[in-house]
Amino acid sequence: MHSFLFPLAALLTLTGAVPPQSPSLRDAMLAVHNGERRQLGVPRLKWNEALVADARVHAEWMARTGRFEHSTARNNQGENLWAGTRGAYRFAEMAQSWLDEKRYYRDAPSPNNSTTGKWSDVGHYTQMVWSTTTDVGCAVASSASMDYLVCRYSPPGNYAGQKAYQPFRP
């Protein structure tokens, strides 16, 4: 996969590109996120249109400027970013790249939760499964050559000294 991932912590395109044979962005993102959350025993995420709107603003900015970096105006939201060749990836493949970080995850408080010793190697994954996060909203924007995916999360995760998930027991 030739995607660019820079670690940390509604379909919309500027040019009309949509990855081929893709379900809706909402359906794909919820399926990938909640599939993993279900296996871990943590509550499902709900789709949040306000988060979609915030994600859209940043995705459009990245597509317009070609800069791939986290937003400085996240309004106390978590954020995952993805970029790859325009039209080459389905939405589920985009989110799967974050899920693939699980191979480096160890169940320990952040930032000591990576087998590589780098928190950034698991930060997208842990945001996806952070047990106190309840809502997600994502948007995609495209430049002439790249697709940019932004997902926003509320409340955010990846708090130092805390674990990503504990099984949910009602």
Side-chain angles (χ1 to χ4, degrees), residues 1-37 45-102 104 110-111 114 118-130 133-159 164:
M1 189 180 300
H2 293 93
S3 65
F4 303 100
L5 296 175
F6 291 96
L8 171 194
L11 169 65
L12 173 72
T13 63
L14 296 177
T15 56
V18 176
Q21 302 172 353
S22 292
S24 76
L25 179 63
R26 177 186 182 273
D27 291 347
M29 291 298 125
L30 286 174
V32 173
H33 283 74
N34 286 332
E36 179 68 10
R37 293 174 72 88
L45 294 176
K46 299 179 307 276
W47 193 252
N48 182 310
E49 290 298 329
L51 294 175
V52 170
D54 290 346
R56 179 182 301 123
V57 169
H58 193 59
E60 288 178 337
W61 176 84
M62 287 193 302
R64 186 175 57 255
T65 64
R67 294 173 64 183
F68 187 71
E69 57 191 56
H70 284 279
S71 173
T72 58
R74 280 183 273 176
N75 305 317
N76 198 33
Q77 300 167 352
E79 180 177 81
N80 277 352
L81 305 179
W82 179 95
T85 303
R86 180 179 170 193
Y89 300 96
R90 291 180 174 93
F91 299 136
E93 292 173 312
M94 296 173 182
Q96 184 65 43
S97 68
W98 299 330
L99 195 57
D100 289 345
E101 294 176 358
K102 180 179 183 175
Y104 302 121
S110 180
S114 173
K118 296 183 209 168
W119 168 87
S120 58
D121 289 342
V122 297
H124 298 102
Y125 171 72
T126 53
Q127 179 58 84
M128 290 177 78
V129 299
W130 201 264
T133 297
T134 60
D135 292 65
V136 65
C138 305
V140 172
S142 299
S143 69
S145 61
M146 299 292 291
D147 288 329
Y148 297 91
L149 167 66
V150 176
C151 286
R152 292 285 183 90
Y153 301 86
S154 181
N158 290 328
Y159 287 103

Closest non-hydrogen atom pair, [X] against [Y]:
{"X": "Ala55", "Y": "Gly137", "answer": "CB-O, 3.8 Å"}
{"X": "Ala88", "Y": "Glu93", "answer": "O-OE1, 4.2 Å"}
{"X": "Asp121", "Y": "Ser114", "answer": "CB-OG, 3.9 Å"}
{"X": "Ala28", "Y": "Ala92", "answer": "CB-N, 4.0 Å"}
{"X": "Gln127", "Y": "Gly78", "answer": "OE1-CA, 3.5 Å"}
{"X": "Cys138", "Y": "Met29", "answer": "SG-CG, 3.7 Å"}

Rounded to the nearest 0.5 Å, what separation is found between the [atom1] atom of [X] and the [atom2] atom of [Y]?
{"X": "Glu60", "Y": "Thr65", "atom1": "CD", "atom2": "OG1", "answer": "11.5 Å"}
{"X": "Glu49", "Y": "Asp135", "atom1": "CD", "atom2": "CG", "answer": "11.0 Å"}
{"X": "Trp47", "Y": "Arg26", "atom1": "CH2", "atom2": "CZ", "answer": "7.5 Å"}

Are the side chain of [X] and the backbone of [Y] linked by a donor-acceptor contact shorter than 3.5 Å?
{"X": "Asn80", "Y": "His124", "result": "yes"}
{"X": "Glu36", "Y": "His33", "result": "no"}
{"X": "Gln77", "Y": "Pro155", "result": "no"}
{"X": "Asp147", "Y": "Gly87", "result": "yes"}
{"X": "Asn158", "Y": "Gly123", "result": "yes"}

Are side-chain heavy atoms of [X] and [Y] found at a separation under 4.5 Å?
{"X": "Arg67", "Y": "Trp61", "answer": "yes"}
{"X": "Ser154", "Y": "Asn48", "answer": "no"}
{"X": "Trp98", "Y": "Cys151", "answer": "yes"}
{"X": "Leu25", "Y": "Leu149", "answer": "yes"}
{"X": "Leu81", "Y": "Glu69", "answer": "no"}
{"X": "Met128", "Y": "Glu101", "answer": "no"}
{"X": "Phe91", "Y": "Gln96", "answer": "no"}
{"X": "Leu51", "Y": "Tyr153", "answer": "no"}

Run the side-chain contact (heavy atoms from CB on, under 4.5 Å) check on Arg152 and Val136 step by step: do they pass?
CA-CA 6 Å; Arg152 292 285 183 90; Val136 65; over 6 Å; no

Return the set of residues passing side-chain contact (heavy atoms from CB on, under 4.5 Å) with [X] (not counting sequence neighbours), or none when no residue passes.
{"X": "Asn34", "value": "Leu30, Arg37, Arg44, Leu45"}
{"X": "Ser145", "value": "Ser143"}
{"X": "Ser110", "value": "Asn113, Trp119"}

Got more than 12 heavy atoms from elsewhere within 6.0 Å of OH, Tyr104?
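No, not enclosed.
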
Taking atom types as modelled and ignoring hydrogens, do the side chains of Asp100 and Ser97 form a donor-acceptor contact shorter than 3.5 angstrom?
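No.
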
Once the angle between the rings of Trp82 and Tyr89 is folded into 0 to 90°, is it parallel (under 30°), tilted (30 to 60°) or perpendicular (over 60°)?
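Correct class here is perpendicular.
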
